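Read through the structure below, which is laid out as structure tokens, and then see the notes.
Order of appearance sets the numbers: ligands from 1, and atoms from 1 within every ligand. Predicted model only: the values in this text are computed from it and were never measured.
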Amino acid sequence: MNVILKPGREKSLLRRHPWIFSGAIQQADANIASGATVDLLSSDKQFLARASYSPHSQIRARVWTFEEEVVDGEFFRKRIQATLKTRRRLNVERQSNAYRLIYAESDYIPGLIVDRYGDILVLQALTAGSEYWKETFADLLLEETGLSTLYERSDADVRELEGLQPKVGILHGAIPDPQVTIHEHNLKFSVNLQSGHKTGSYLDQRANRLRVRELAKDKDVLDCFCYTGGFTVNAMAGGAKSVLAVDSSGEALELCKQNVALNDLPVTHHSSLEGDVFQVLRKFRDENRSFDMIILDPPKFAPTAAHADKATRAYKDINLLAFKLLRANGILVTFSCSGGVDSALFQKIVAGAALDAGVEAQIAEHLSQGPDHPVSLHFPEGAYLKGLICYKP
Ligand code: SAH
């Protein structure tokens, strides 16, 4: 099956970017099945790449290879072996038994996410192409890791754009209890593989949580958007004087509390508040409350650049309020996981927030996702998590 591009639209492929948008296509063979492999040809019929076809998505094709090679089980075996080798080299196991094994486009397997939680593998197929090869991926993953339990969490919203239904359940083996305990930098976390966010947890924040632990000693900490307590537990383990954890989900706050208890941390130093962070911060400002350290780890406000304006206002709002609530010598740890907001824009937003709050803050550190979420140089979209540690004088 062939897909011919419009003149000049081969440029991104020549730079090794793996996506072809529907608008770049001049002509496609009729009846290409969802997820089937196609050859991408230039307008003068030169071979450019071999890709998976997504008939329902704006991202119409995602490249498997830029070579004229067969795309089959053995092809994917080599790709999977390469990602496993990278993870071994990174030695992530030293930090945690829960980490990302395969990070989709960034690991040259578009649409496929595989995370490891102890001896359980969790797979997420996000695209027509990764759905098409799912059974093959499942067999290869079990063979190459030697593990026997594989769970599917293909329930991310983006599947809708590919014309795919959500799917959750066992692909191989058995999980007696979806609530599992993982360890991360010598702390324990209870994770629900069935209902937890993403594949169960936010594995991308591992290093940043540790950094918070290192900075939290004797501080009054406000953890906004705390979810199940990744930052709260670390702040407490780092000797925080108090940690107030805020989230709009009562269920998340309950799990956060359990994770504090799981690590034998002084529960009396921990309190939680169910509410909307935007309102809570305003209320605290009106009450003249203050903190030594504030963490802002909100959900994705801008999935794509089209949402950037609205997201900019939201980030500015919470960062401005946080700067106001910070005591002298306070620390703001602020994140964005929005694909539509790049690190330069995020820094500009935080700078604007400091300015409007009347605070002369410094950036002490730039933070990003962990090494098990590598970024292909040809696919900058893979670098979605950006964070700043700002010091207030
Ligand atoms: N910091 C967490 C991950 C945060 S995920 C960790 O390291 O694991 C984002 C969280 O924000 C979710 O728990 C969600 O319930 C919460 N949330 C989303 N919108 C919110 C709002 N407006 N106010 C408070 N919490 C919100």
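- The protein heavy atom nearest to atom 25 (N) of ligand 1 is Ser248 N, 3.0 Å.
- In the hydrophobic clustering of this structure, Val221 does not group with Val280; members are Ile, Leu, Val, Met, Phe, Trp, Tyr whose side-chain heavy atoms approach within less than 4.5 Å, directly or through other members.
- For ligand 1, the polar-atom distance check against Ser249 finds no nitrogen or oxygen pair separated by under 3.5 Å.
- Atoms of ligand 1 lying under 4.0 Å from any heavy atom of Cys226, numbered from 1 in the order shown and given with element: 2 (C).
- With ligand atoms numbered from 1 in the order given, ligand 1 contributes 6 (C), 7 (O), 8 (O) to contacts under 4.0 Å with heavy atoms of Arg209.
- Residues Ile318 and Val277 have side chains in contact (heavy-atom distance under 4.5 Å, counting atoms from C-beta outward).
- Residues satisfying the ring-ring contact (aromatic ring centres under 6.0 Å, His included) test with Phe189, not counting sequence neighbours, are none.
- For atom 22 (N) of ligand 1, the closest heavy atom belonging to the protein is Asp276 OD1, 2.9 Å.
- Judged purely by atom type and a 3.5 angstrom limit, Asp29 uses its side chain to pair as donor or acceptor with the backbone of Asn2.
- Among all protein heavy atoms, the one lying closest to atom 18 (C) of ligand 1 is Pro299 CG, 3.4 Å.
- Close approach of ligand 1 to Tyr227 (heavy-atom distance below 4.0 Å) involves ligand atoms 2 (C), 3 (C), 4 (C), 8 (O), 13 (O).
- Of the protein's non-hydrogen atoms, the one nearest atom 15 (O) of ligand 1 is Asp247 OD1, 2.6 Å.
- The minimum heavy-atom distance between Tyr315 and Phe335, with the atom names listed, is CE2-O, 3.9 Å.
- Ligand 1 has no N or O atom lying under 3.5 Å from any N or O atom of Val246, backbone or side chain.
- Among all protein heavy atoms, the one lying closest to atom 4 (C) of ligand 1 is Phe225 O, 3.2 Å.
- Each of the following atoms of ligand 1 lies closer than 4.0 Å to a heavy atom of Gly275: 23 (N), 24 (C).
- In this structure His17 satisfies the ring-ring contact (aromatic ring centres under 6.0 Å, His included) test together with Trp19, Phe379, sequence neighbours excluded.
- Counting non-hydrogen atoms of other residues, nucleotides and ligands closer than 6.0 Å to NZ of Lys257 gives a total of 12 or fewer.
- At the shortest separation from atom 2 (C) of ligand 1 among protein heavy atoms lies Asp297 OD2, 3.4 Å.
- At distances below 3.5 Å, not a single donor-acceptor pair connects side-chain atoms of Asp247 with backbone N or O atoms of Leu253.
- Summary of contacts: the protein heavy atom closest to atom 23 (N) of ligand 1 is Val277 N, 2.9 Å.
- Polar contact with ligand 1: absent for His197 (N/O pair, distance under 3.5 Å).
- Between the side chain of Lys392 and the backbone N or O of Leu326, at least one donor-acceptor pair lies under 3.5 Å.
- Residue Phe231 approaches ligand 1 through these ligand atoms, each under 4.0 Å from one of its heavy atoms: 1 (N), 7 (O).
- Within the 3.5 Å criterion, the main-chain N or O of Ala125 finds a donor-acceptor partner in the side chain of Arg159.
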